Amino acid sequence: MTLVYSLIEQKSAAQRVLLSPDVLFCISNYIDRQDDTFNCLFVHTVWTMVLVRQLWKSPIWKTAGSYQKFLRTLRSRKPKFSYGNMVQRIIFKNHRCFESVLEFSSADLKLISRKCPNIKHITISNQGQPFTVANVTSMLSSAPNLISFTVSNCDNEWLHGALRPMREGLCPKLQHLEINDWNRNWGFDVLKDVGENCRNITSLKLYQRVNRVEIARMIVKSFPNLQIFECKHINFAGLRGLLTGAVKLKSLTSQFEDDITDEAAESLSISFAKLESLRIRIIHDIDYPKFSSSMSKYQSFLRHLHLATVHITDITVEKFAENCNHLESIEIYMCFNLTDDAIMALAIHRNIHLKHLMIAYNARITDEGMKHIAINCKNLKTFIVMSCTKMTYLAFVNITRECKNLVEFTVRNYPCQTLASIVHTLSTRNKGTLKVFKAYDNGIRSNDNSSNHKLDAAALEKLAVRCPQIKSMVLRCRMQESNGSYLIRTLKKFQNLEELMICPPVKFTKLDIKQLEKHKRLKDITIIHGLTPEAESFLKERKNENNGGMYITVINNNN
């Protein structure tokens, strides 16, 4: 650090600010792209010393080669920096660009445990080799600063052994525990031990059924600071046991079982903690008007509501919209009976406060309901609609025209003419805030001439100019474009694009792929039914070279 400050003293006041390690570290937290951070390393030696920590905080292995380089750096006897000490997050899971399984070894795990003493977050996707009980136990024992732990595909025997360091209190800073897809028969005693010895846990996510009051009370007693809880299913006894003790609970996610009737749920409404997020799934044949009316009166802090409830009716949504004064996000999934009345209630009562709206699989909500959202909810940031058959292009055009600050727009299963209208309106009305655009057509050829707009390269070019911040784009739809080279040039004009899925109207050639690879940001591409044989052979050769860079996935089936 003496060298750092001696360099700073030789600069002007403005330069000294930009060479201050503390200031640089704060700035680096706002750089969300790894390649940007990497380029900044070459600005100045002080920048290198500060920003290299950000690059190593959470290593990403997109290829076997990048993983081996990571290990070689850790083994280096005279490294320029203490790289291992910088590592805070390790994810033992194949990057989605992998076609083959990345092989970890027991020696790798031992090396990481020895060289990376400051690991705070660990994710393990499989309990198989080398993630044996002994290896995981050793890794957890070497991570006293562990904050979160996530594991998938594990059984009872593995949990009892591998989580022993947690059960013995060797991970006192643990705050988040997530166990997914385990054997349904595993016992809760391991959970009890972890909770009693890791008292700072505030987030618990389980792929399990909480169906007895004893289990719920054990969770409440063992995790006194619990704020976020998620389980696969919960019945009335489990819900009652949970709610009567989890006074700090802020987020609840689960599927209500059949014995949670409207009357039973209403009796618990006053027991609910002051939630910020409620995500419930209900598939049995009842509605919850009493529960929603009673509970919404007590949920003054509720911000996010997710309803996947087949038989729920308008009154439930109306009560939440009317009484929950902080509600800003709502997701309606497979709520088949909801009509425009529920949507209008959201528009009237939440108006400018509504920021996120998702509606999926509904055949009763129409353009009229969306018109009220467009008029009243000017601050909408995220709009997602999937398979709502009564909505026409007018609904989407109204939203894009009036809600000018949209950050995400996702639409699934609509005619190509509708998608073209959306692109056109975004290209003329959005204020440049859009970062995610995903369009999926319904695969049905339509004679609908209600829109004169075309979804082609020219339309996308206008979108690129109007919305330069787009990072993720899906164009799984039929486009009206015959010039593949023009389409490639247009895609390159989305300068901040990082992820792309596209179903090209004309097959990309080898030259087109080479041009696309020159994009400075684009990393992950999925191409559906869109390559010439020469281009496919070219990509296979590239994968065999295993040089990293841009990752292109080719889909030729009908899925």
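The first residue in the sequence is number 1, and the count goes up from there. Everything numeric in this text was worked out from a predicted model, so none of it was measured.
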For the [atom1] atom of [X] and the [atom2] atom of [Y], what is their distance to the nearest 0.5 Å?
X: Lys471; Y: Arg521; atom1: NZ; atom2: CZ; value: 9.0 Å
X: Ile375; Y: Ile399; atom1: CD1; atom2: CD1; value: 9.5 Å
X: Leu406; Y: Lys431; atom1: CG; atom2: NZ; value: 11.5 Å
X: Ile525; Y: Leu522; atom1: CD1; atom2: CG; value: 4.0 Å

Side chain to side chain contact (heavy atoms under 4.5 Å, CB included) between His356 and Ile384, worked out: CA-CA 8 Å; His356 172 81; Ile384 303 171; 4.1 Å; yes

Short side-chain donor-acceptor distance under 3.5 Å, [Y] and [X]:
X: Glu276; Y: His326; answer: no
X: Ser277; Y: His304; answer: no
X: Thr433; Y: Asn405; answer: no
X: His121; Y: Ser148; answer: yes

Give me the ring orientation class for Phe81 and Tyr83: parallel if the planes are under 30° apart, tilted from 30 to 60°, perpendicular past 60°. perpendicular

Are the side chains of [Y] and [X] in contact, using a 4.5 Å heavy-atom criterion?
X: Arg364; Y: Asn337; value: yes
X: Thr425; Y: Phe409; value: no
X: Thr150; Y: His176; value: yes
X: Lys438; Y: Arg476; value: no
X: Met370; Y: Asn398; value: no
X: Ile359; Y: Ile343; value: yes

Is the Tyr333-Tyr361 ring centre distance short of 6.0 angstrom? yes

Is there a side chain to side chain contact (heavy atoms under 4.5 Å, CB included) between Trp56 and Thr73? Walk through the geometry before answering. CA-CA 11 Å; Trp56 275 78; Thr73 304; 3.6 Å; yes

Any carboxylate oxygen within less than 4.0 angstrom of a Lys/Arg side-chain nitrogen, looking at Lys378 and Glu402? yes

If you apply the rule salt bridge (charged side-chain N to carboxylate O under 4.0 Å, His left out), what do you find for Glu331 with Arg279, and how did you get there? CA-CA 9 Å; Glu331 297 178 349; Arg279 300 174 60 90; 3.3 Å; yes

